[in-house]
Colleague: 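I am attaching a structure below and will ask some questions about it afterwards.
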Amino acid sequence: ERLRERFDMLEDMTKATKKGDVRAMIVSGPPGVGKSHGVEKVLGKHDLIATLGEKPPKYEVVKGAMSAIGLYCKLYKMADKDNVIVFDDCDSIFSDELSLNILKAALDSGKKRIIQWNTESRVLDREGIPDKFEFEGSVLFVTNVKFDFVKSKKLLDHLGALMSRCHYIDLTLDTVRDKMLRIKDVMTNGMLQ
């Protein structure tokens with residue numbers, strides 16, 4: 001029941017992120033328990049009308065590695081209100097100080113979230129991306145990293161600042177028993193129905 005409540009909370013919070021009521025959310029849990037699937041299912045359901053109307057989707061899932069300049073460009077392309085960027089196992093941005101500073105600007109709790117790139121960049125020039133813009137979208141992180149247990153003091157300060165700007169959901173699947181109960185629940189109440 002505890003695990004089911006956590007995943008129900010994940011679904012509700014993802015809906016709130018899609019509506020723009022939640023600017024940012026971090027979902028942490030072990031691999032293979034359905035974090036990404038649950039998030040993408042909710043976002044896909046809400047984006048169905050846009051897809052039927054042949055409009056571009058209002059969310060994008062980014063997986064893999066990402067540089068700071070790549071992050072800046074992605075945030076610019078998804079800067080409009082009602083857009084959601086999902087960083088799924090894109091954990092390299094959590095270990096790069098420049099990326100973390102860009103994220104802190106994008107997730108600022110102020111009324112306007114202005115992001116700036118104040119160094120020379122051929123990438124921005126080539127893509128026609130300004131060195132300053134307002135970000136009004138939402139950001140969702142899906143990760144296996146437990147932010148509470150990061151050892152690096154320097155990184156811990158940045159992650160603490162990031163967590164203060166985000167809703168943080170730890171799915172609390174810490175034991176093998178928890179993982180097996182989750183698998184049983186998915187099979188019984190989902191896949192086999």
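FYI, the numbering just counts along the sequence from 1. Source: prediction; values computed, not measured.
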Colleague: Less than 4.5 Å apart, side chain to side chain, heavy atoms only: is that true for W117 and I102?
Modeller: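 The answer is yes; the side chains approach within 4.5 Å.
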Colleague: If you look at every heavy atom in K15 and V42, which pair is closest and at what distance?
Modeller: CG-CG1, 3.6 Å
Colleague: Evaluate the side-chain proximity of V84 to V139: yes if any heavy-atom separation is below 4.5 Å, no if none is.
Modeller: no
Colleague: When rounded to the nearest 0.5 angstrom, what is the spacing between OG1 in T14 and NZ in K41?
Modeller: 10.5 Å
Colleague: Would you say the side-chain atoms of R23 pair up with the backbone N or O of D108, donor to acceptor, closer than 3.5 Å?
Modeller: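 Yes.
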Colleague: Treating Ile, Leu, Val, Met, Phe, Trp and Tyr as nodes and any side-chain heavy-atom pair under 4.5 angstrom as an edge, say whether Y76 and I114 lie in one connected cluster.
Modeller: no
Colleague: Looking at CD of E11 and CG of D8, how far apart are the two atoms once the value is rounded to the nearest 0.5 Å?
Modeller: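 Going from the CD atom of E11 to the CG atom of D8 covers 6.5 Å.
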Colleague: Ignoring hydrogens and angles, tell me if any N or O in the side chain of R113 forms a donor-acceptor pair with the backbone of S109 under 3.5 Å.
Modeller: no
Colleague: What distance do T17 atom OG1 and D12 atom CG have between them, rounded to the nearest 0.5 Å?
Modeller: 10.5 Å
Colleague: F7: which residues meet the ring-ring contact (aromatic ring centres under 6.0 Å, His included) condition with it, sequence neighbours left out?
Modeller: none
Colleague: Indicate yes or no for a side-chain donor-acceptor contact from D80 to the backbone of N83 under 3.5 Å, with no hydrogens or angles considered.
Modeller: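 Judged by distance alone, no pair lies under 3.5 Å.
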Colleague: Is there a side-chain contact between C166 and L107 (heavy atoms, below 4.5 Å)?
Modeller: yes
Colleague: Under 3.5 Å, is there a donor-acceptor pair between the side chain of R6 and the main chain of D170?
Modeller: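 Looks like yes, one N/O pair under 3.5 Å.
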Colleague: Tell me which pairs pass salt bridge (charged side-chain N to carboxylate O under 4.0 Å, His left out) where either residue lies in residues 26-36, with sequence neighbours left out.
Modeller: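 For residues 26-36: none.
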Colleague: Kindly compute the distance separating CD1 (I115) from CZ (F133), expressed to the nearest 0.5 Å.
Modeller: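 These two atoms lie 3.5 Å from each other.
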Colleague: Measure the shortest side-chain to side-chain distance between I93 and L100 over non-hydrogen atoms and say whether it is less than 4.5 angstrom.
Modeller: no
Colleague: For the atom pair CD1 (I26) and CG (L140), what is the distance rounded to the nearest 0.5 Å?
Modeller: 9.5 Å
Colleague: Do V86 and E40 come close enough that some side-chain heavy atom pair is under 4.5 Å?
Modeller: no
Colleague: From H167 NE2 over to M25 CE, what is the distance, rounded to the nearest 0.5 angstrom?
Modeller: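 CE of M25 is found 9.0 Å from NE2 of H167.
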Colleague: Could you report the tightest heavy-atom contact between F135 and A106, atom names first, then the distance?
Modeller: CD2-O, 3.6 Å
Colleague: Got E127 and K77 here, is their nearest side-chain heavy-atom distance under 4.5 Å?
Modeller: yes
Colleague: Can you tell me if E120 has over 12 outside heavy atoms packed within less than 6.0 Å of its CD?
Modeller: no
Colleague: Taking the six-membered ring for Trp, are the ring centroids of F94 and F141 within less than 6.0 Å of each other?
Modeller: yes
Colleague: Indicate the atoms forming the closest heavy-atom contact of S164 with A161, along with that distance.
Modeller: OG-O, 2.7 Å
Colleague: Answer yes or no: are there more than 12 heavy-atom neighbours, outside M180 itself, under 6.0 Å from its atom CE?
Modeller: no
Colleague: Mind listing the side-chain donor-acceptor pairs of residues 60-73 below 3.5 Å, one per line with the distance, residues two or more places apart or on another chain?
Modeller:
| from | atom 1 | to | atom 2 | distance (Å) |
| --- | --- | --- | --- | --- |
| E60 | OE2 | K74 | NZ | 2.6 |
| K63 | NZ | D88 | OD2 | 3.2 |
| S67 | OG | G70 | N | 3.0 |
| Y72 | OH | P130 | O | 2.8 |
| Y72 | OH | D131 | O | 3.1 |
| Y72 | OH | K132 | N | 3.2 |

